[in-house]
Amino acid sequence: MIKLKAPSLSLRSVILLAVVVGIAAPALLLVAFSDSLIRRSLEPVLEGQRAAVLTLAANGLAEPLWTVDSTAVQRALDQLLSDVNVCGVELSEERAETPDIVRTKCSPGWPTVTLAAMIRREGQVLGSLRVHFDDAAQERMLEEGRRQTAAIVAVQVVAGVVIVLLVFYLRLVRPIDRLKQLASAIALREPVPRLRWNRKDELGQLGVHLDQMGQQIAGLLADMESKNAQLHQLAMYDHLTGLPNRTLFREVFLHEAAVARRDGTHLALLFVDLDRFKAINDSLGHAAGDRMLLQASERLRQAVRESDLACRVSGDEFLLLMRDSSDHVAHAAQRLIEALNAPLQLEGGMASVSASIGIALYPRDGDDFDTMVRHADLAMYRAKQLGRSRYSFFQQDMDAAAVERMELERELAQALERDELLLHYQALVDARTGAWRGLEALMRWQHPQRGLVMPGHFIELAEETGQILALGWSTIEKACAQLARWKAAGRHPGPIAINLSALQFRDPSLAERIAEAMGRHGVEPGELAIELTESTLLTDTDTVLQTLTRLADLGLSLSVDDFGTGYSSLAYLKLLRPARLKIDRAFVRDLPASPDDRALVQAMMGMAQALGIEVVAEGVETEAQRDALLALGCWQQQGYLYCRPQPAQALEARLAAWPPHSGAP
């Protein structure tokens with residue numbers, strides 16, 4: 001089926017076409033049908049006129065024929081022929097030997113209409129008269145009527161078109177042009193012209209609405225521009241410090257890298273990380289942390305040149321882009337470190353923060369943005385490992401270490417899924433008698449290729465990636481399950497101490513999950529203990545107290561691990577009152593040869609005894625260390641001298657008997 005597509009016409013063309021069709025078409029139809037109309041009206045008139053002429057002529061000839069007056073007959077025939085509609089006459093008399101009279105004035109072949117009538121006088125037929133009327137007279141009358149009709153129709157059409165077009169222009173074309181002008185001004189965001197509109201007219205009402213809409217649109221566009229500026233600010237700049245964010249920094253780097261490639265120059269990308277910011281942020285609160293970031297970012301601005309670009313990546317991490325060689329970059333990095341090392345003024349007082357900086361050089365260390373950032377980040381971690389508050393240039397061996405670290409992270413995630421993590425246990429010993437007073441649960445990783453992996457190789461990674469949570473829950477579950485198995489076998493190790501990470505300790509569901517594990521495995525109050533580092537206990541004291549209270553309600557005692565290596569605040573010991581302090585192995589290693597270590601251990605012992613807190617010495621490996629600690633009054637000890645961390649099966653024979661009816665020891 002063929003589909004016909006109508007031509008696309010503008011509104012003006014459609015209206016003009018409608019005017020032409022609406023006015024001219026009826027006029028043309030009138031002209032076309034006027035002939036038949038005139039003909040219908042003329043035919044009766046002509047027939048009546050011809051009949052009247054014939055009747056008058058017959059009556060006029062009756063008297064001359066009765067009196068046989070030939071002259072009068074000729075005069076009557078002449079008068080009849082003088083009629084414009086008569087082409088010829090024929091007169092036939094009834095008298096014998098009288099010739100017929102035939103007279104004509106039209107050329108042969110002229111269209112005629114012949115009518116005949118009898119001539120009578122007093123009932124006697126005197127002759128017959130045949131009149132040939134001009135049949136073209138009707139056509140002439142029709143032509144005349146046609147001309148008159150056409151003239152009248154033409155005048156009407158012209159007058160109608162002029163009037164319609166005038167109205168069309170005044171009430172449609174001009175308002176539409178003004179509407180287009182107004183719409184164009186709105187579309188092109190030009191000043192909207194103030195036009196006067198006829199409010200009684202539909203287009204005028206539309207113009208008023210469009211005028212109002214234009215003002216509203218102008219307001220909306222202005223508001224959108226303001227919002228777009230705000231969105232651009234949010235999309236390209238950090239909302240806290242006002243520094244460019246990673247998106248804008250990437251665009252600038254790509255441009256500068258293209259210029260450097262063209263000119264054969266160098267760029268330096270610096271990854272700046274504030275040291276110990278998290279501890280300060282946790283202890284003083286996020287508001288203080290934000291103020292610290294503001295001051296640090298301002299110092300970054302002041303320490304670099306106007307041609308350099310500083311960017312806040314996230315948290316306490318910043319990026320800097322410099323157009324310098326390595327020598328100048330090293331001086332700039334040291335200048336940044338010194339600027340950031342100066343104490344910062346906070347509402348609660350002064351706070352000190354340092355920075356570790358990693359440096360990657362373009363194009364030596366990478367030819368794209370992501371590679372450069374990754375390499376600068378690796379160099380920054382190397383600076384932290386070397387002691388913080390320093391800078392480090394990227395070296396290729398760092399990339400290999402990062403790949404190894406990523407592989408270890410992936411394998412650790414698989415180890416959690418495959419249950420490759422297990423617990424070894426190390427005894428807490430009474431050095432006076434050699435009796436075991438409890439165990440500490442220590443996580444180990446039974447790697448399918450690497451063998452038994454010590455926690456020093458994966459705990460730090462687990463804390464950085466958040467996998468420490470899963471490790472912590474696994475430790476609690478495995479320790480409770482093993483204690484239940486020992487009890488079922490008639491053995492009991494005493495309290496089992498579990499190390500909790502700071503991330504796990506801040507989990508609101510910690511107490512509930514431990515209670516659930518204890519209930520599931522039948523662990524009684526007093527059979528579990530928790531160990532926390534000093535830094536964990538020093539953050540958000542109110543929350544720490546609430547969590548410790550809930551754990552104490554479950555019968556879990558608290559041990560402070562690695563005591564002496566952190567802040568060693570006496571105030572928190574008085575407030576938290578832990579069950580025991582575990583002196584770090586760093587103070588035990590050089591006993592009894594080091595007078596300083598002896599004095600420090602003695603001070604710790606005196607402080608703990610004054611507060612009614614038990615003391616445990618870690619890392620005891622020699623008899624000399626044992627005896628020195630006993631001389632100082634520290635009889636609870638832990639270390640390789642007594643027991644290395646071992647699997648549960650290897651310890652079972654050393655555990656005390658546990659009659660089920662007697663309860664836990």
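Worth knowing before you read on, the calculation uses all heavy atoms, side chains too, and leaves out hydrogens, waters and symmetry mates.
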What do the steps show when you test D377 against F394 for side-chain contact (heavy atoms from CB on, under 4.5 Å), and what is the final call?
CA-CA 9 Å; D377 190 13; F394 172 76; over 6 Å; no

Would you confirm whether H375, through its side chain, and D365, through its main-chain N or O, come within 3.5 Å as a donor-acceptor pair?
yes

pair N499-I530: side-chain heavy atoms closer than 4.5 Å:
no

Taking it one step at a time, do F318 and L293 satisfy side-chain contact (heavy atoms from CB on, under 4.5 Å)?
CA-CA 10 Å; F318 299 86; L293 288 175; 4.2 Å; yes

Do side-chain atoms of T549 reach the backbone of L545 as a donor and acceptor pair under 3.5 angstrom?
yes

Sub-3.5 Å donor-acceptor pair from the side chain of R335 to the main-chain atoms of A303, do we have one?
yes

For residues 645-653, which side-chain N or O atoms pair as donor and acceptor with protein atoms under 3.5 Å away, sequence neighbours left out?
{"unit_1": "Q646", "atom_1": "NE2", "unit_2": "R644", "atom_2": "O", "d": "3.4"}

Working to the nearest 0.5 angstrom, can you tell me the gap between R312 CZ and L294 CG?
8.5 Å

Measure the spacing between CE of M372 and CD1 of I359 and express it to the nearest 0.5 Å.
10.5 Å

Pairs involving residues 293-304, ordered by first then second residue, that meet salt bridge (Lys or Arg N to Asp or Glu O under 4.0 Å) (sequence neighbours left out)
E298-R301

Would a 4.5 Å heavy-atom cut-off, applied to side chains only, mark R577 and L611 as touching?
yes

Would a distance-only check, ignoring hydrogens and angles, find a side-chain to backbone donor-acceptor pair under 3.5 Å from N245 to L248?
yes

Which atom pairs, one a donor and one an acceptor, fall under 3.5 Å between side chains of residues 428-438 and the rest of the protein, sequence neighbours left out?
{"unit_1": "D430", "atom_1": "OD1", "unit_2": "R432", "atom_2": "N", "d": "3.0"}
{"unit_1": "D430", "atom_1": "OD1", "unit_2": "R432", "atom_2": "NE", "d": "3.1"}
{"unit_1": "D430", "atom_1": "OD2", "unit_2": "R432", "atom_2": "NH2", "d": "3.1"}
{"unit_1": "T433", "atom_1": "OG1", "unit_2": "A435", "atom_2": "N", "d": "3.2"}

I583 versus V616: any side-chain heavy-atom pair under 4.5 Å?
no

Can you list the residues that meet the side-chain hydrogen bond (donor to acceptor under 3.5 Å, both in side chains) rule with R580, with sequence neighbours excluded?
S557, S559

Pairs meeting criterion salt bridge (Lys or Arg N to Asp or Glu O under 4.0 Å) with involvement of residues 593-610, two or more places apart
none

Determine, stepwise, if the pair L532 / D561 fulfils side-chain contact (heavy atoms from CB on, under 4.5 Å).
CA-CA 6 Å; L532 296 168; D561 197 14; over 6 Å; no

Residues in ring-ring contact (aromatic ring centres under 6.0 Å, His included) with F458, at least two apart?
W445

L270 side chain reached by Y391 side chain, heavy atoms, under 4.5 Å
no

Just how far is it from atom NE2 of H492 to atom CG of L655, taken to the nearest 0.5 Å?
9.5 Å

Are the side chains of V272 and E317 in contact, using a 4.5 Å heavy-atom criterion?
no

Show every donor-acceptor pair shorter than 3.5 Å between a side-chain atom in residues 466-485 and any protein atom, with sequence neighbours excluded, or say none if there are none.
{"unit_1": "Q467", "atom_1": "OE1", "unit_2": "T465", "atom_2": "OG1", "d": "3.1"}
{"unit_1": "T475", "atom_1": "OG1", "unit_2": "L471", "atom_2": "O", "d": "2.9"}
{"unit_1": "E477", "atom_1": "OE1", "unit_2": "R520", "atom_2": "NH2", "d": "2.4"}
{"unit_1": "E477", "atom_1": "OE2", "unit_2": "R520", "atom_2": "NH2", "d": "3.3"}
{"unit_1": "E477", "atom_1": "OE2", "unit_2": "H521", "atom_2": "NE2", "d": "2.7"}
{"unit_1": "K478", "atom_1": "NZ", "unit_2": "D419", "atom_2": "OD1", "d": "2.8"}
{"unit_1": "K478", "atom_1": "NZ", "unit_2": "L421", "atom_2": "O", "d": "3.3"}
{"unit_1": "Q482", "atom_1": "OE1", "unit_2": "R485", "atom_2": "NE", "d": "3.4"}
{"unit_1": "Q482", "atom_1": "OE1", "unit_2": "R485", "atom_2": "NH2", "d": "2.8"}

Gap between atom CG of L300 and atom CD of Q295 - 0.5 Å precision:
12.5 Å

Would you check if W486 and P493 make a side-chain contact, meaning some heavy-atom pair closer than 4.5 Å?
yes

Within-4.5 Å side-chain heavy-atom neighbours: C311 and L243:
no

Any pair counted as ring-ring contact (aromatic ring centres under 6.0 Å, His included), so long as it reaches residues 616-648, sequence neighbours left out
none

Selection residues 380-392 - residue pairs positive for salt bridge (Lys or Arg N to Asp or Glu O under 4.0 Å), sequence neighbours left out
D273-K384, D275-K384, D275-R388, R382-D397

Could you tell me the separation between the CE atom of M607 and the CD1 atom of I613, rounded to the nearest 0.5 Å?
7.0 Å

Quick check against the 3.5 Å criterion: does S594 have a side-chain atom that pairs as donor or acceptor with the backbone of L591?
no

For S509, all residues meeting side-chain hydrogen bond (donor to acceptor under 3.5 Å, both in side chains), sequence neighbours excluded
D507

Do NZ/NE/NH1/NH2 and the carboxylate oxygens of K487 and E527 come within less than 4.0 Å?
yes

Residues 451-460 vs side chain to side chain donor-acceptor pair (under 3.5 Å), sequence neighbours excluded, gives none

Euclidean distance, D584 CG relative to L581 CG, rounded to 0.5 Å:
12.5 Å

For atom CD of Q302, is the number of surrounding heavy atoms from other residues, nucleotides or ligands below 6.0 Å larger than 12?
yes

Between L320 and I357, does a side-chain contact (heavy atoms from CB on, under 4.5 Å) hold up when you go through it step by step?
CA-CA 10 Å; L320 291 174; I357 301 177; over 6 Å; no

Going by the salt bridge (Lys or Arg N to Asp or Glu O under 4.0 Å) test, which pairs reach into residues 439-455, not counting sequence neighbours?
E411-R450, E440-K582

Do side-chain atoms of Q625 reach the backbone of T622 as a donor and acceptor pair under 3.5 angstrom?
yes

Short side-chain to backbone donor-acceptor contact, R246 and V313, under 3.5 Å:
no

Side-chain heavy-atom pair L423, L442 within 4.5 angstrom cut-off
no

